Amino acid sequence: MYNALMISLIVVSILIILLVIMQPSKSNAASTLTGGGDDGTVKTKARGFEAFLIRATTVLGVLFFVIALALAYLSAK
C-alpha cells in the first residue's frame, strides 16, 4: 500500500509540474523583473484549454496533499 501511494505521489507531482509549465504567462516576465507596473490590460476569465489547465492543476494539487497525508499516516503507524 505504501509503495503504491509513493508511486502515485511521484506521478501526480510530475503531472503538476507539466501542467504548471503548460499554463500561459499572465504578464511580461521582463517588466516584472525590472519592477515594471501593470500594462493596463483587462483581466478576463480563463476559457477553453486555459480553464481546463487551471481546474486540472487544482484537482491534482488537492490529490497531492491527500496522498501526502495518507503517506504520513501510514509511516506513523
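What you see below is based on every heavy atom in this structure, not just the backbone, and it leaves out hydrogens, waters and symmetry mates. In this chain, numbering begins with 1 at the start of the sequence shown. Keep in mind the model is a prediction, meaning the values are calculated, not measured.
The shortest heavy-atom contact between S75 and A72 is OG-O, 3.0 Å. Taking both residues in full, the closest heavy atoms of Q23 and T57 are given as NE2-OG1, 2.9 Å, listed atom of the first, atom of the second, then distance.
With values rounded to the nearest 0.5 angstrom, S13 atom OG is found 9.5 Å from L63 atom CG. Atoms CG and CD1, on N3 and I7 in that order, are 6.0 Å from each other to the nearest 0.5 Å. Here the straight-line distance linking atom CG of L74 with atom CG of L69 works out to 11.0 Å at 0.5 Å rounding. In this structure, the separation between CD1 on I14 and CG on L60 is 12.0 Å, given to the nearest 0.5 Å.
No option in I16, L9, I10 other than I16 meets the side-chain contact (heavy atoms from CB on, under 4.5 Å) test with V12.
Hydrophobic cluster membership is shared by L15 and F65, with clusters built from Ile, Leu, Val, Met, Phe, Trp and Tyr side chains linked at under 4.5 angstrom. Note on V20: it clusters hydrophobically with F49, by side-chain heavy-atom contacts below 4.5 Å among ILVMFWY residues. In the hydrophobic clustering of this structure, F64 groups with M1; members are Ile, Leu, Val, Met, Phe, Trp, Tyr whose side-chain heavy atoms approach within less than 4.5 Å, directly or through other members. Note on V11: it does not cluster hydrophobically with I17, by side-chain heavy-atom contacts below 4.5 Å among ILVMFWY residues. V66 and V59 fall into different hydrophobic clusters, where Ile, Leu, Val, Met, Phe, Trp and Tyr side chains are chained together by heavy-atom contacts under 4.5 Å.
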